[in-house]
Amino acid sequence: MRTKLYIYFCLSFLCSGMIKAETITVGVIEFPPHVDFSENISKSIAFQYVDDLLKGMYSKIVFKTFSKEQALIELDSGTIDLLFPLNVSEEKVRHLSKPLLYIVPGLCFKKKNFIPILSALHRLKDLNVGVSVGIQVLPEFKRTGANLKILTEDDTLRQAVELLRSDDLDAFYHPSPMLVYNQDNPLSTWIACSKFHGYPSGIYLAVKSNMKDETYLRINNAFSHALDIKSYDDFYLEKK
Amino acid sequence: MVKSVTRVIFLFSCLLSFFVNSSEVSKDSDAKVFITEVSNIYMASSYLIFKQQSLINQKGGDKSTLFGKAFINNIKNAYEAKFNTKFPKENRRLYTSLLKAMIDVMEDNRTLIYDDELSFKGLIPATFSFQLSEKLTQKGLGVKIKFTNFASSIRNKLNLPDQWEVAAMKSFKQNKEKSYFDDESTLNNIPAYRYFVPMKLERFCLNCHGTPQHNPLNVGLDKSQWSKIDVTGFEMENWELGDFGGGLSVTIYKKDFLELEELCELNYISTFACHFFALE
């Protein structure tokens, strides 16, 4: 299927004269399970999707992996042209018009304390809930009367997990809890997460701020077209 | 001579007007059939999710029928059993997209469904509906599906009714109609086809919305220990079999309906894409 997708992207871009003899440099940050640095990055599904898209447009593509903080510095300085996957509700950066995928925030609990349906907001009252510093929490959740504990260590996820394990937290808030609660993550043996359905955020491909408008439009149109042909969700499902 | 030409022009205008109007009527009646079928497919899937609660929540076992083509086949069977008619042919892009969205929702819940340490997973018709509607929005299909009810009876405020839905519900309470289709409505000021079908409480709804005696959590307990809180964490409404339980509201933006239906016919590249990727 990946070959088919690539051939189709190539055909459609060739027809529209989109292929250029140029190099593009793309920053990649970890976003499991879509981009997983613990394995060869070429096996990550989001990487494959973006790679297929750009192969049809550029003669040379250079991928570079970064921490999120470093990647934002590189993007700002213009040493990378594109960066993905990025939650733009947390970072104010220029990005393509359509998201690659959506995430929904939620809470992660010890399994014995799992609350499956978070629209039952009254059940969250008085719970001690860890929130990473800088994360914007849903206003609806703030109003539940849960006690929010701000997590400030360098690795806030590790801090949250430890506090949950020691029962100093009842739950922790995560902008995309499925990154924690998935079959590939060992934490899923004792943690389970549920989502605040109805509050999705887009995960985008960011572009450097000084990208020429012509280049931006070319990539943006190609990406929108690719999503119309096969959404990332469908691509992910097939590869999984 | 001038009179003859005028008559011909007039006749031609009348004919043109007739065909244009017929085409509009045809599109609207087509939309009515389509939106009704979308609603029925959704209700069949919802019914199936309820029927599969034991499988969803059980420890271990083969749960493969909750995913992929097997899940869709079960929806088709549920549809045919519930509505006593054949499942619609999947020759429309929107049907295919709807069914694919249902597969996606189940896939998103795979870890949850296979988690043997959770006795109640929370994947019930209401949460399935919510996730499905979210998925349809994300796919940009212009289709919105929601369970709604009067504000005083709603559990999740994201499902609060808009004015159109309130008017539809009031009308049902007075006139006892079966469903209502509106081809001249809007949603967010965008022209849309809207459809509302009222739902009477069925036996399976009572587990959560009935009285404490229907609450599965109370099975085996003395009446003095019965809980009014259902398995989802909400207080039970004490509704009875056959009571008005709100309804299913389906909206399709006109622009999206027409665009999607014509996509494969009008655009050669998209035709290739439709059949090569989406419909294979």
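Below, chains carry the letters A, B, ... as their sequence lines are ordered, and counting in each starts from 1.
Comparing B:Asp115, B:Asp116, B:Thr137, B:Val231 by heavy-atom pairs within less than 4.5 Å of chain A, the highest count is held by B:Asp115. Of the listed residues B:Asn156, B:Thr232, B:Leu118, B:Asp108, the one with more heavy-atom pairs under 4.5 angstrom with chain A than any other is B:Leu118. Each of A:Met178, A:Lys112, A:His122 has some count of heavy-atom pairs under 4.5 Å with chain B, and the biggest count is that of A:His122. Heavy-atom pairs under 4.5 Å with chain A were tallied for B:Glu107, B:Glu134, B:Lys121; the largest tally goes to B:Glu134.
Closest approach of A:Leu83 to A:Ile29, counting heavy atoms only: CD1-CG2, 4.0 Å.
With B:Asn57 contributing its side chain and B:Gln53 its backbone, the two residues share a donor-acceptor pair below 3.5 Å. Side-chain atoms of A:Asn221 come within 3.5 Å of backbone N or O of A:Leu217 as a donor-acceptor pair. Here the side chain of A:Asp170 pairs a donor or acceptor atom with the backbone of A:Asn128 at under 3.5 angstrom.
Both the backbone and the side chain of A:Tyr199 come within contact range of chain B, judged by heavy atoms closer than 4.5 Å. At a 4.5 Å heavy-atom cutoff, the contact between A:Tyr181 and chain B is made by backbone and side-chain atoms alike. For B:Phe120, the parts lying near chain A are the backbone and the side chain together; criterion is any non-hydrogen pair under 4.5 Å. Contact of B:Ile124 with chain A is made through the side chain alone, with heavy-atom distances under 4.5 Å. At a 4.5 Å heavy-atom cutoff, A:Ser194 makes no contact with chain B through either its backbone or its side chain.
Aromatic rings of B:Tyr95 and B:Phe34 (six-membered ring for Trp) have centroids within the 6.0 Å cut-off, being under it. You'll find the ring centres of B:Phe234 and B:His209 outside the 6.0 Å limit.
With hydrogens and angles left out, the side-chain atoms of A:Asn220 and A:Ser97 include a donor and acceptor closer than 3.5 Å.
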